Amino acid sequence: MRSGGLTTSCPARATHATPPQARSGPSGNRGAPGRYARPMHDPRVLLDPATDAVRKLARRGYSLDLAELEKLLSGRNSAIQRGDEARAESKRVATSVKGASAEERPALVERARELKGVVSAAEEEQKEFDGQLQDLLLGIPNLPADESPDGTSDADAELVRTWGRPPVVESPLDHVDIAEKLGILDLPRATKLSGPRFAVLKGKGAALQRAIGSYLIDKALENGYTEFSVPSLVTRQTMTGTGQLPKFEQDLFRTEVADRELFLIPTAEVPLTNLHARETLDLESLPLTYTAHTPCFRSEAGSYGRDTRGLIRMHEFAKVELVRFVDPATSRDELEVLVGHAESALQGLGLAYRVVKLAAGDTGFSSTLTYDIEVWLPSQDTYREISSCSDFGVFQARRAGIRTKAKDGSRGFAATLNGSGLPIGRTLVAILEQGQQPDGSVTLPEALVPYTGFSTLDPE
RNA sequence: GGAAGCGUGGCAGAGAGGCCGAAUGCACUCGCCUUGAAAGCGAGAGUCCCGCAAGGGUCCGGGGGUUCGAAUCCCUCCGCUUCCGCCA
């Protein structure tokens, strides 16, 4: 790579809306935005009174302008009709030119020229409506499930169940203190290298991190997932497919080399889900279940001052992600299956946790229903998020163009789900804190010993 | 980085300004035939958009242009293949 060619910027400023053209990117070959970006939300569904979209979106603080939507949709449709009609006549005229006599020909050609103008005017108008419609639709979050509780913060989440008993620890240390005594974590040097919110692990710490990753992948394989190794840098189009863009560009690290723009993935959800972007899957082949162990990069813009200590909130961390492509009719049940898989990873490690159902207003942009799994952290005397498992319905599939075709020929979109299974950093935190012993050592979960080759971490 | 070539439906592969949504083969669906299957015969079948429907439109890698008319000509971008160079 040429020196100085790579720049990484992290726009931590206020959200800047991305104009529709920008979706094409600087290097071309993003195809016609209209072709792949067509799906997103289905405006007809939103307009259908039975959907109750206004009320549902209000629960997450989004106020939907139905009149505007209606106006844009009908404007677009009538422009399409006018264009189609003119084009149809234009085709007829063009065909008739060939067999026309020398006398009639000039009139026909003249008429064809006229129609050309009509067509391009209609197309222009359609393009205008399309662009506006798309901007509106891309910014509308998914409809929250009715079963999600009211509210906008994690305090409004509904407790579903708890598992395991939080270990009794006398005057617990937090993971930073524990790790430093063990000599396995070097945050100051990480800051020297890259600034705040990065970590350096050393010795058994680094080995443990590697072990956790392997354990989690094996757990996913046990649960039937297919392992993938995927790029950590993806295009703007890919980020749009899963809903990170256009709205959340400020949360992402962006790279630029020459005129080429790529984004660092904030989760393997992005590449895994988009593996099937613009593809048609046999409905009968579902569910497809994928996993990958990848680095994740997040700007953490807007979380200044939160979790500034330790490994909880990093710009870069490793995670094993679980993704499911399913028949939309089954997605609600599939969410339970997915949560079960994430839970099985924690149970295998013997870590105490609880499961909560997020409030409508606290649910992510693309999600219709989300369970969070929270692991017990003795030092904070509370449960902290370690996994988020979401049902996206067909929301992502529409944006990314993940279609389905049934045996009988009927077509639709796949439902997608994903969940962390699990983030390695936070899992390490929980292991250190829940496993800490009075003498300053840490007893590792038995399940990890085959991966680490050691069962305790001892102070230096 | 330099040179040449290529990109057509699920696949293979014709077409080289109007008769092309696109031959043909394979695969596919439904019939017939058969005890069953294969073979054979017949029919059908693509996508997306607009429309209650009838029907109409779109799509030959993406975008743009020439023309009354483009898969076919021109420009451009992307991708792939081969050769040379460079790097590992």
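We name chains A, B, ... by the order of the sequence lines, and we start the count at 1 in each one. As the structure is a prediction and not an experimental result, all values here were calculated from the model.
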Exercise for the section: Would you state whether a donor and an acceptor, one from the side chain of A:Asp84 and one from the base of B:G57, lie under 3.5 Å apart? Expected result: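 Side chain to base: no pair present.
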Both distances under 3.5 Å, Watson-Crick or G-U wobble: report the partner of [N], or none.
N     : value
B:A22 : none
B:G69 : none
B:A88 : none
B:A53 : none
B:U29 : B:A43
B:G17 : none
B:U34 : none
B:A3  : B:U82

With a 4.0 Å limit, can you tell me whether [X] has a side-chain N or O closer than that to the phosphate oxygens OP1/OP2 of [N]?
X        : N     : answer
A:Lys91  : B:U58 : yes
A:Arg113 : B:C68 : yes
A:Arg44  : B:G51 : yes
A:Asn77  : B:C49 : no
A:Arg105 : B:C68 : no
A:Arg92  : B:G57 : no

To the nearest Å, give me how far apart [atom1] ([X]) and [atom2] ([N]) are.
X        : N     : atom1 : atom2 : answer
A:Glu85  : B:A54 : CD    : C1'   : 14 Å
A:Ile80  : B:C48 : CD1   : P     : 15 Å
A:Arg278 : B:C48 : CZ    : C1'   : 15 Å
A:Asp282 : B:G10 : CG    : P     : 13 Å
A:Arg111 : B:G69 : CZ    : P     : 14 Å
A:Arg411 : B:G10 : CZ    : P     : 9 Å
A:Phe413 : B:U47 : CZ    : C1'   : 12 Å
A:Arg398 : B:C49 : CZ    : C1'   : 13 Å

Practice task
Using the test salt bridge (charged side-chain N to carboxylate O under 4.0 Å, His left out), find all partners of A:Arg87 that sit at least two apart in sequence or belong to another chain.
Solution key: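 Once residues adjacent in sequence are excluded, the partners of A:Arg87 under the salt bridge (charged side-chain N to carboxylate O under 4.0 Å, His left out) criterion are A:Asp84, A:Glu123.
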Exercise for the section: Look up atom CG in A:Leu338 and atom OG1 in A:Thr289, then write down how far apart they are to the nearest 0.5 Å. Expected result: 10.0 Å
Exercise for the section: Could you grab the distance from atom CD of A:Glu321 to atom OH of A:Tyr225, nearest 0.5 Å is fine? Expected result: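 Rounded to the nearest 0.5 Å, the CD-OH separation comes out at 10.0 Å.
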Practice task
Decide salt bridge (Lys or Arg N to Asp or Glu O under 4.0 Å) for A:Asp391 and A:Arg332; before the verdict, give the C-alpha distance in whole Å, the side-chain angles of both, and the deciding distance to 0.1 Å.
Solution key: CA-CA 7 Å; A:Asp391 175 6; A:Arg332 181 61 187 86; over 6 Å; no
Taking atom [atom1] in both [N] and [M], what distance in whole Å separates the two?
N     : M     : atom1 : result
B:C59 : B:C48 : P     : 16 Å
B:U29 : B:U34 : P     : 22 Å
B:A38 : B:C32 : P     : 14 Å
B:C80 : B:C75 : P     : 23 Å
B:C6  : B:C20 : P     : 25 Å
B:U58 : B:G2  : P     : 39 Å
B:C41 : B:G55 : C1'   : 34 Å
B:G36 : B:C19 : C1'   : 46 Å

Exercise for the section: Can you tell me which residue pairs pass the salt bridge (charged side-chain N to carboxylate O under 4.0 Å, His left out) test with a partner in residues 201-220 of chain A, sequence neighbours excluded? Expected result: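 Qualifying pairs: A:Lys219-A:Glu222.
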Completion exercise
Taking for A:Ala94 and for A:Gln81 the nucleotide of RNA chain B with the nearest heavy atom, the one nearer the 5' end belongs to A:Ala94
Completion exercise
Per nearest nucleotide of RNA chain B, the residue lying toward the 5' end, A:Lys116 or A:Ser96, is A:Ser96
Quick one: label [X] by what it contacts on the DNA or RNA (base, sugar-phosphate, nothing), any heavy atom closer than 4.0 Å.
X        : answer
A:Leu108 : nothing
A:Val97  : base
A:Ala112 : sugar-phosphate

Problem - is_close_aromatic(A:Phe297, A:Phe263), centroid dist under 6.0 Å - result: no
Handout entry: A:Asp307/A:Arg197 salt bridge by N-O under 4.0 Å criterion
Key =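 Looking at A:Arg197 and A:Asp307, the cut-off is not met.
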Handout entry: Basic-acidic side-chain contact under 4.0 Å: A:Arg92, A:Glu89
Key =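 Result for this pair is no, no salt bridge flagged.
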